[in-house]
Amino acid sequence: MPFLGQDWRSPGQSWIKTDSGWKRSKVEVNNNVAPLNCYSNEEFNKENFLNNVGYDFMTKKRKKDLLNNNTKIQYFHHDTWISVHKGSTKERHGYCTLGEAFNRLDFSSAIRDIRRFNYVVRLLELIAKSQLTSLSGIAQKNYMNILEKVVQKVLEDQCDIRLIKELLNSLYSTICALVKGVGKCVLVGNINTWVYRMEVILHWQQQLNNMQIIRPISTGMTLTDLPMCLQLNILERLADGRDIVNLGQVSPTLQVLSEDKLLWRKLCRYHFTERQIRKRLILSEKGHLDWKKMYFKLGRCYPKKEQYVDTLQFCQHCHILFWKDTNHPCTANDPDGSYTSISPLEFISLFKF
């Protein structure tokens, strides 16, 4: 029986069983689908066939594809949570991938929240270093769209410049390695698309390098006007040694405070264990421990402790990944006791099978 449906996924024609045999439905006969014998004519051509069958959906599909290719809006579902499973059971078939989780979780809105910005940037950096090829085509598109929003936010706010520069450097190095070894890796999309993305990254790096920091106009009290004990207290709350070094270049007073031995000792003991510290001891010329040099040496050997204001949550009862301020269909008697915070590295590990 010939198939004349408008869509190859449709069930085809509708037939009704009668006493004299099977007959087509009256509703479909009155439709604008032409009978098969009208195409046996020699004057028949492909264009008339498409018009008679009513293939208007092809034009709509072209417009839809064009819109999807030109749009820069992130694709995500209405539910901002996702069920994470690593296998199949009788009740459930399939598993969740990193690309699917990246599409479902609303990272586009998370970068506008100052509490989640560093968390998302760190996650983007980890994906750029090792998981870029595991993303699907739509997930890679979302990745670049979110990264563009991150760069625009940094250019407008003039904050977290170093974090974005490190992210772009890691992403550019990864794409260069993938493009050069294209025969050995899996790249989704045309090679020209990846080359274009490299050019976009170079443009973003140039914008960040040429950015001029506008000094805010303030007539009130500044950081240097505070007592030295308060300035030292502020320095002790910085978790990155590079921020302390940069802040020490602001004024001579901050320069003296940034070289405080107790400050660097607290920073080393915050990020690293005593066993790690004992393996990387560095003595100064006077025979004392040089905690500042030890911090940067330890940072090259061991991972630093990561701290974020707001992170993704994982429900151990439902195996659902979600943001803290969003709800998910939890069936546990004590939902709060089943939630655990997920670091960016743990987020990547959830999807390693």
Side-chain angles (χ1 to χ4, degrees), residues 107-108 110-132 143-176 197-198 200-216 222-224 231 234-251 254-255 257-260 263-264 266-268 270-272 291-311 343-345 347-348:
F107 289 104
S108 181
I111 61 176
R112 295 193 293 267
D113 191 340
I114 190 174
R115 301 172 301 171
R116 302 174 180 174
F117 182 81
N118 291 345
Y119 183 88
V120 176
V121 171
R122 176 58 177 165
L123 183 59
L124 294 176
E125 184 179 3
L126 291 177
I127 293 176
K129 288 181 177 180
S130 60
Q131 301 296 323
L132 189 62
Y143 182 94
M144 296 302 297
N145 292 340
I146 293 174
L147 184 58
E148 181 180 4
K149 294 180 181 179
V150 169
V151 174
Q152 295 300 325
K153 185 179 184 301
V154 171
L155 293 175
E156 294 174 1
D157 300 342
Q158 297 185 343
C159 298
D160 302 306
I161 301 175
R162 187 186 68 247
L163 294 177
I164 307 306
K165 285 184 177 180
E166 294 175 353
L167 169 59
L168 294 179
N169 290 335
S170 301
L171 180 60
Y172 186 82
S173 300
T174 301
I175 296 180
C176 283
R197 290 172 178 173
M198 294 173 60
V200 172
I201 294 173
L202 290 177
H203 177 67
W204 290 340
Q205 290 177 331
Q206 185 177 5
Q207 285 183 312
L208 293 174
N209 294 331
N210 298 335
M211 183 176 60
Q212 297 181 355
I213 305 299
I214 301 176
R215 187 172 183 175
T222 61
L223 177 62
T224 55
Q231 295 183 29
I234 293 174
L235 288 174
E236 291 177 350
R237 298 180 183 276
L238 298 178
D240 195 332
R242 293 172 295 181
D243 294 333
I244 297 177
V245 174
N246 294 334
L247 191 57
Q249 301 174 0
V250 175
S251 66
L254 290 173
Q255 173 63 30
L257 295 177
S258 64
E259 299 294 334
D260 186 72
L263 174 65
W264 290 100
K266 291 180 180 179
L267 194 61
C268 287
Y270 172 76
H271 286 284
F272 311 105
W291 291 99
K292 183 178 180 180
K293 291 183 179 179
M294 288 171 55
Y295 168 80
F296 289 104
K297 186 175 182 179
L298 288 167
R300 292 190 294 267
C301 300
Y302 306 105
K304 299 177 183 178
K305 183 179 180 180
E306 297 180 356
Q307 183 178 9
Y308 304 99
V309 180
D310 193 6
T311 64
S343 66
L345 188 59
F347 176 85
I348 300 295

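What you see is a predicted model; the values in this text were computed from it and never measured. The chain is numbered in sequence order, starting from 1.
- Considering all non-hydrogen atoms of both residues, Glu306 and Pro344 come closest at OE1-CD, 3.7 Å.
- Within the model, atoms CZ of Arg237 and NZ of Lys266 stand 10.5 Å from one another, a figure rounded to the nearest 0.5 Å.
- At a cut-off of 3.5 Å, with distance as the only test, a side-chain donor of Asn169 or Gln205 sits close to an acceptor on the other residue.
- Here the side chains of Leu147 and Leu171 are in contact, with some heavy-atom distance below 4.5 Å.
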* To do: Output, in order, the C-alpha distance, side-chain angles, deciding distance and verdict of side-chain contact (heavy atoms from CB on, under 4.5 Å) for Lys304 and Asp240.
  => CA-CA 9 Å; Lys304 299 177 183 178; Asp240 195 332; 4.2 Å; yes
May I have the list of side-chain donor-acceptor pairs in residues 123-130 shorter than 3.5 Å, sequence neighbours left out?
from   : atom 1 : to     : atom 2 : distance (Å)
Glu125 : OE2    : Lys129 : NZ     : 3.4
Ser130 : OG     : Leu126 : O      : 3.3

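- Checked by atom type and distance alone, the side chain of Asp157 never pairs as donor or acceptor with a backbone atom of Cys159 at under 3.5 Å.
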* Could you walk me through whether Arg116 and Ile111 pass the side-chain contact (heavy atoms from CB on, under 4.5 Å) test, one step at a time? => CA-CA 6 Å; Arg116 302 174 180 174; Ile111 61 176; over 6 Å; no
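- Trp264 is linked by a ring pair (Phe, Tyr, Trp, His ring centres under 6.0 Å) to Tyr295, Phe296, counting only residues two or more places apart in sequence or in another chain.
- Here SG of Cys268 is found 6.0 Å from CG of Leu298. Values are rounded to the nearest 0.5 Å.
- Nearest heavy-atom pair, Gly248 versus Gln255, reported as atom, atom and distance to 0.1 Å: O-OE1, 3.0 Å.
- For Asp113 against Arg115, the heavy-atom pair with the smallest separation is OD2-NH2, 2.8 Å.
- Within the 4.5 Å cutoff, the side chain of Ile114 has no heavy atoms near those of the Val309 side chain.
- Inter-residue side-chain proximity for Lys297 and Arg300 is flagged as met; some heavy-atom pair is nearer than 4.5 Å.
- With values rounded to the nearest 0.5 angstrom, Leu168 atom CG is found 9.5 Å from Leu202 atom CG.
- Side-chain contact between Leu257 and Ile244 is absent, with no heavy atoms from C-beta onward closer than 4.5 Å.
- Counting heavy atoms from C-beta on, the side chains of Leu163 and Leu167 never come closer than 4.5 Å.
- For the ring pair (Phe, Tyr, Trp, His ring centres under 6.0 Å) test, no residue two or more places apart in sequence or in another chain qualifies with Tyr270.
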* salt bridge (Lys or Arg N to Asp or Glu O under 4.0 Å) assessment of Glu166 paired with Arg242 -> CA-CA 13 Å; Glu166 294 175 353; Arg242 293 172 295 181; 2.5 Å; yes
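- His271 places a side-chain N or O within 3.5 Å of a backbone atom of Lys305 that can act as its donor or acceptor partner.
- The distance from the CD1 atom of Ile234 to the CG atom of Leu223 is 5.0 Å, given to the nearest 0.5 Å.
- Side-chain contact between Phe272 and Met294 is absent, with no heavy-atom pair separated by less than 4.5 Å.
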* In sequence, state the C-alpha distance, the side-chain angles, and the governing distance for Asp260 and Leu235, and then conclude on side-chain contact (heavy atoms from CB on, under 4.5 Å). => CA-CA 10 Å; Asp260 186 72; Leu235 288 174; over 6 Å; no
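- Between Phe117 and Val154 the shortest side-chain heavy-atom distance falls below 4.5 Å.
- Nearest heavy-atom pair, Val150 versus Val121, reported as atom, atom and distance to 0.1 Å: CG1-CG2, 4.3 Å.
- Closest heavy-atom contact between Leu254 and Gln231: CD2-OE1, 3.2 Å.
- Take Lys165 and apply the salt bridge (Lys or Arg N to Asp or Glu O under 4.0 Å) test, not counting sequence neighbours, and it matches no residue.
- Note on Glu259 versus Lys293: no salt bridge recorded, every NZ/NE/NH1/NH2 to OD/OE distance being 4.0 Å or above.
- With sequence neighbours excluded, the residues forming a ring pair (Phe, Tyr, Trp, His ring centres under 6.0 Å) with Tyr308 are Tyr119, listed by chain and number.
- Of the inter-residue distances, the one linking Leu263 atom CG with Leu267 atom CG reads 6.5 Å to the nearest 0.5 angstrom.
- A heavy-atom distance below 4.5 Å is found between the side chains of Met211 and Leu155.
- Among all heavy-atom pairs drawn from Gln158 and Gln212, the shortest one is NE2-O, 3.1 Å.
- The side chain to side chain donor-acceptor pair (under 3.5 Å) check on Asp160 picks up nothing, with sequence neighbours excluded.
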